[in-house]
Protein chains: 2
Amino acid sequence: MQYPLPIAHLIDAYMKLPGIGEKTATRLAFYTMDMPDQDVDDFAKSLTQVKKDIHQCPICGNITEKDVCDVCSNPNRDQTTIMVVEQPKDLMAFEEMGEYDGLYHVLHGVLSPMDGIGPEEINIKSLITRLQKNDAVKEVILALNSTPEGESTSMYISKLIKPAGIKVTRLAAGLSVGSDIEYANSITLKRAVQGRTAL
Amino acid sequence: MQYPLPIAHLIDAYMKLPGIGEKTATRLAFYTMDMPDQDVDDFAKSLTQVKKDIHQCPICGNITEKDVCDVCSNPNRDQTTIMVVEQPKDLMAFEEMGEYDGLYHVLHGVLSPMDGIGPEEINIKSLITRLQKNDAVKEVILALNSTPEGESTSMYISKLIKPAGIKVTRLAAGLSVGSDIEYANSITLKRAVQGRTAL
């Protein structure tokens, strides 16, 4: 026996989400049937709204529902520093931290030749143009993930920017606060020793 | 910093699903943003369709998008037996098993006075009316879960039906196939001994 078609469709739709298999999708579909009409309507609307109303900020690539994102449109932010991140989620993590008040540039990915992702596929060109047009920027902080792809993307961007005389920095690597030395991998330990600071 | 409103709304919507907390909801919302437009549209549509097109079969309470469900409208099913189950999912489990070819009655719940669920809140009345109108039915199989609520609901229905001279049975209780005696709870063992069969 098959599920009634509308339920089968909804199960298929839930299964397209990451980490949701057939069993969970079925449970969610049956749960949806018992949800208040209003909640299901809101859910459906918020799905289409997010696709319709959210776009990349034309300046920095951050996601926003406005013409220009909140960071770029805020004149009180430090206009001399741009932090380059991979994803909007990374930007939000730094905003949550609350210590950084410069600008951002969101790449929406990292270079990964194996996956066919070259410089044209991510927001690198817009970063260069932005720096060329705006000589207020004194420092670019490369805040990419500590993965091989993140590292090589940092190297690539650094080589493009440095000739213009802009300071390029990257995040400190070392032990996570609260972590045990015995559980740290050797590359992390190596970076922690290299970057040791005076007490 | 807040998420852009459309994303915040979608995160809230995902969080209304069972077993999905804020972290997972956020991950799903960001994933949704990167899904193809068509997939998101289909997802939204299937959500509203399931609420609009799926209703209870007026005869047995099974969920269906047709006037009468596939089981009730199939004249080849054994019309003399009705299996009473708690939920449409239970019905589907029995259909998947493929050995049962009688009819069903879906209660959509069990009696649970503590939660305010009395005989009026579940499909008991429609079962009684169905039996009164149709004297082809010779046996009612109570296939409710082995929970205190399931057991007492079975007792309640049994008392209502038996006076009409209809045979009332319930599923065998005993060891799960493939399970170890040492891990079975004592009530299961008791039922297994009581229901022992000749070899």
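First the proteins, then the strands, lettered A, B, ... as listed; each starts at 1.
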### Message
Tell me which one of B:Arg196, B:Arg191, B:Lys190 satisfies side-chain contact (heavy atoms from CB on, under 4.5 Å) with B:Val193.
### Response
B:Arg196
Using heavy-atom distances under 4.5 Å, tell me whether [X] contacts chain B through its side chain, its backbone, both, or neither.
| X | value |
| --- | --- |
| A:Ile7 | both |
| A:Lys16 | both |
| A:Asp39 | side chain |

### Task
Identify, with sequence neighbours excluded, every residue that meets side-chain contact (heavy atoms from CB on, under 4.5 Å) alongside B:Gln132.
B:Ile128
### Message
Checking A:Leu189 now: which residues fulfil side-chain contact (heavy atoms from CB on, under 4.5 Å) with it, not counting sequence neighbours?
### Response
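Per chain and number, A:Leu189 pairs via side-chain contact (heavy atoms from CB on, under 4.5 Å) with A:Leu175, A:Ile181, A:Ala184.
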Selection from [options] maximising heavy-atom pairs under 4.5 Å formed with chain A:
| options | result |
| --- | --- |
| B:Gly19, B:Pro88, B:Pro6 | B:Pro6 |
| B:Lys66, B:His9, B:Lys51, B:Lys89 | B:Lys51 |
| B:Asp41, B:Asp42, B:Leu5, B:Ile20 | B:Leu5 |
| B:Gln49, B:Gln87, B:Met35 | B:Met35 |
| B:Asp12, B:Asp53, B:Thr24, B:Val40 | B:Val40 |

### Message
Holding to ring pair (Phe, Tyr, Trp, His ring centres under 6.0 Å), I want the full list of residues that pass it with B:Tyr14, two or more places apart in sequence or in another chain.
### Response
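B:Tyr14: ring pair (Phe, Tyr, Trp, His ring centres under 6.0 Å) contacts with A:Phe43.
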So if you build clusters from Ile, Leu, Val, Met, Phe, Trp, Tyr with side-chain heavy-atom gaps below 4.5 Å, do [X] and [Y] land together?
| X | Y | result |
| --- | --- | --- |
| B:Leu171 | B:Val85 | yes |
| A:Met114 | A:Leu111 | no |
| B:Tyr156 | B:Ile141 | yes |

### Close contacts, residues 26-34 of chain B versus chain A, judged by heavy atoms under 4.5 Å
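Residues B:Arg27, B:Leu28, B:Phe30, B:Tyr31, B:Thr32, B:Met33, B:Asp34 are the ones that qualify, each having a heavy atom under 4.5 Å from chain A.
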### Query
Have A:Tyr104 and A:Glu95 got a donor and an acceptor in their side chains that come within less than 3.5 Å?
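There is such a pair (donor and acceptor under 3.5 Å, judged by atom type) between the side chains of A:Tyr104 and A:Glu95.
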### Task
Establish, from distance only, whether the side-chain atoms of A:Asn62 and A:Gln56 form a donor-acceptor pair under 3.5 Å.
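Looking only at side-chain atoms, A:Gln56 and A:Asn62 do not form any donor-acceptor pair under 3.5 Å.
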### Task
Output the option from A:Asp37, A:Val50, A:Thr48 having the highest count of non-hydrogen pairs under 4.5 Å with chain B.
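Answer, by heavy-atom pair count under 4.5 Å with chain B: A:Val50.
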### Message
Donor-acceptor check, side chain of B:Glu121 to backbone of B:Gly118, threshold 3.5 angstrom: yes or no?
### Response
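Side chain of B:Glu121 to backbone of B:Gly118: a pair is present.
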